[in-house]
Every structure is written in structure tokens, then in C-alpha cells.
**Q** 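A single structure is presented below for examination.
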Amino acid sequence: RGTTGDCSPILPCAPCTPESIHGPVGFSIDNSGSISHSTVGVMSLANGIIAKIVEKNYTIPRWVLTTFKDNSADLFDHEHNTNLRIITNNVNRFTSSLNKISFGGGGDGPERATQGILLTLQKLPMHGLALVFTDHQTKDVGLVNEIIALRNKKKIKIFIALSPRYSGTI
């Protein structure tokens, strides 16, 4: 059973219903050239997640879509490496923006995944869910503490989907 509120042994969880309001959802997608061999899988997974949410008739109050790539080996400029594509409450606008992402550039790994995650967390309100799609590790490991602090402050869950041809190390 899912929940629509707080649960305790005294107050059992209420089942989720199609009318349930869920938290905000953010996607952060690596749109570098190195992931281009996996774009069909990445886009299929992303669109499949959206389709399942729509099928269940869940209400998502905010959708956030960001992309990231490594535009320069020495550039730590978030604005140069990330792109806020859309913030909306309309799933159709979100999906349209998602399906217009173009992939290219970069060419080297690692990528700037933590910059993409950070931008997504900054734009998501409390109790959100962030899904990150990438094929490589990040260059900006130094952002991890800032990401963890923001994740904890906003109570956001982060999931990372590695493309089938992941090139980094774990």
C-alpha cells in the first residue's frame, strides 16, 4: 500500500488512489555526444516513466527538465554546462521539451552530471524526485556535499540511471 499522508502503527497508511497528488518530478539528462549511442534507450525509459505516471492519473504539481554536458574540460561554469529546459505543471509541455533534446558535443568523459543534479535540485520544490540519466561519471565530485545538503533540506529523492554503455567507474 502507498501513502497519501503520514503513517504510524496507530494510524495506518491510506491506499494511493488515482486522485493522489504526488511530489514534483525532475529529469536531468546528459545530452553530450558520448551518450548519443544510448539516446533511444534513455528517451524510451524517460518517456516510459512519464507514460506510467499519466496512465495512473497521478497529479504532479511541478515538472523540471534540465540537461548537462561537458562543454569545456576546464570550465566549471554551471550556466555553460547546464540548461534549464522547462519548469511546468503540464505533462504535455514537459514531454514535448524532453523529446526535443538534441545530443552532441563533449566527446570526452567524465561529464558534468553533478552540475545537472544541482540545477535540478535547485529548481525542484520540497519532497521532489530527481531522475538523472547519464553514461559517465562526473568531473565535479566537489559538488557532492552541496548536493547532499540540498537533497536533505528539500527531502528530495535522487535516482541515477546509467546508460547501457556506461563508460565511467563505479
**Q** Could you go step by step and tell me if F133 and D30 meet the side chain to side chain contact (heavy atoms under 4.5 Å, CB included) rule?
**A** CA-CA 6 Å; F133 302 85; D30 177 348; 5.9 Å; no
**Q** F103 versus M43: any side-chain heavy-atom pair under 4.5 Å?
**A**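 Sidechains of M43 and F103: in contact.
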**Q** Test side chain to side chain contact (heavy atoms under 4.5 Å, CB included) on V64 and L84 and set out the steps.
**A** CA-CA 8 Å; V64 175; L84 173 60; 4.1 Å; yes
**Q** Could you list all the side-chain hydrogen bond (donor to acceptor under 3.5 Å, both in side chains) pairs where at least one residue sits in residues 40-51, not counting sequence neighbours?
**A**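 Listed by first then second residue: N47-N99.
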**Q** Under a 3.5 Å threshold, yes or no: a donor from one side chain and an acceptor from the other, between T82 and Q115?
**A**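 T82 vs Q115: no donor-acceptor pair found between side chains.
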**Q** Just to verify, what does F94 make a ring pair (Phe, Tyr, Trp, His ring centres under 6.0 Å) with, not counting sequence neighbours?
**A**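 Counting only residues at least two positions away or on another chain, F94 forms a ring pair (Phe, Tyr, Trp, His ring centres under 6.0 Å) with F27, W63.
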**Q** In Å, rounded to the nearest 0.5 Å, how long is the span from CD1 of I147 to CD1 of I158?
**A**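 Result: 6.5 Å between the selected atoms.
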**Q** F68 and S28: which non-hydrogen atoms are nearest, and at how many Å?
**A**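 Of all heavy-atom pairs spanning F68 and S28, the closest is CD2-OG, 3.4 Å.
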**Q** Let me see the working for K69 and N81 under side chain to side chain contact (heavy atoms under 4.5 Å, CB included), right down to the final yes or no.
**A** CA-CA 5 Å; K69 64 172 69 175; N81 294 315; 5.7 Å; no
**Q** Would you kindly confirm whether V144 and L150 end up in one hydrophobic cluster when ILVMFWY residues are joined by side chain heavy atoms under 4.5 Å apart?
**A**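 V144 does not cluster with L150.
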**Q** Measure the CG-OG1 distance between L143 and T138 for me, rounded to the nearest 0.5 Å.
**A**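 Between atom CG of L143 and atom OG1 of T138 there are 7.0 Å.
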**Q** NZ of K157 to NZ of K155: how many Å apart, nearest 0.5 Å?
**A**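 Going from NZ on K157 over to NZ on K155, the span is 12.0 Å.
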**Q** Quick check: is V54 connected to L98 through a chain of hydrophobic side chains (ILVMFWY, heavy atoms under 4.5 Å apart)?
**A**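 Yes; tracing contacts between hydrophobic side chains, which count when under 4.5 Å, links both residues.
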**Q** Show which side-chain atoms of residues 119-131 pair as donor or acceptor with protein atoms under 3.5 Å away, not counting sequence neighbours.
**A**
residue: T120; atom: OG1; partner: T66; partner atom: OG1; Å: 2.6
residue: T120; atom: OG1; partner: G116; partner atom: O; Å: 2.8

**Q** Can you tell me how far apart CZ (R62) and CG (N90) are? Round to the nearest 0.5 Å.
**A**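 Between R62 CZ and N90 CG, I get 14.0 Å after rounding to 0.5 Å.
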**Q** Going through the distances and angles, do L118 and T114 end up as a side chain to side chain contact (heavy atoms under 4.5 Å, CB included)?
**A** CA-CA 6 Å; L118 183 59; T114 46; over 6 Å; no
**Q** Do I29 and T134 come within less than 4.5 Å of each other through their side chains, counting heavy atoms only?
**A**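 No, every pair of side-chain atoms sits at 4.5 Å or beyond.
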**Q** Report the distance from atom OG1 of T59 to atom CD1 of I53, rounding to the nearest 0.5 Å.
**A**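 The OG1 atom of T59 sits 11.0 Å away from the CD1 atom of I53.
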**Q** Keeping the roles fixed (side chain from T95, backbone from V91), state whether a donor-acceptor pair exists under 3.5 Å.
**A**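 At least one qualifying donor-acceptor pair exists.
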**Q** Can you see which heavy atom on I60 is nearest to which on P24, and at what distance?
**A**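 Distance-wise, the nearest heavy atoms are CG2-CA, 4.1 Å.
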**Q** Once rounded to the nearest 0.5 Å, what's the spacing between atom OG of S97 and atom CG of N83?
**A**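 Those atoms lie 8.0 Å apart.
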**Q** Going by salt bridge (charged side-chain N to carboxylate O under 4.0 Å, His left out), name the pairs with one or both residues in residues 86-105, residues two or more places apart or in two chains.
**A**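 Counting only pairs at least two positions apart or across chains, no salt bridge (charged side-chain N to carboxylate O under 4.0 Å, His left out) contact touches residues 86-105.
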**Q** For residues D135 and S32, report the shortest heavy-atom separation together with the two atoms involved.
**A**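 Heavy atoms of D135 and S32 come nearest at OD1-OG, 4.5 Å.
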**Q** Check S102 against N31 and note the closest heavy-atom contact, atom names and distance.
**A**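 Closest pair (atom of S102, atom of N31, distance): O-ND2, 3.2 Å.
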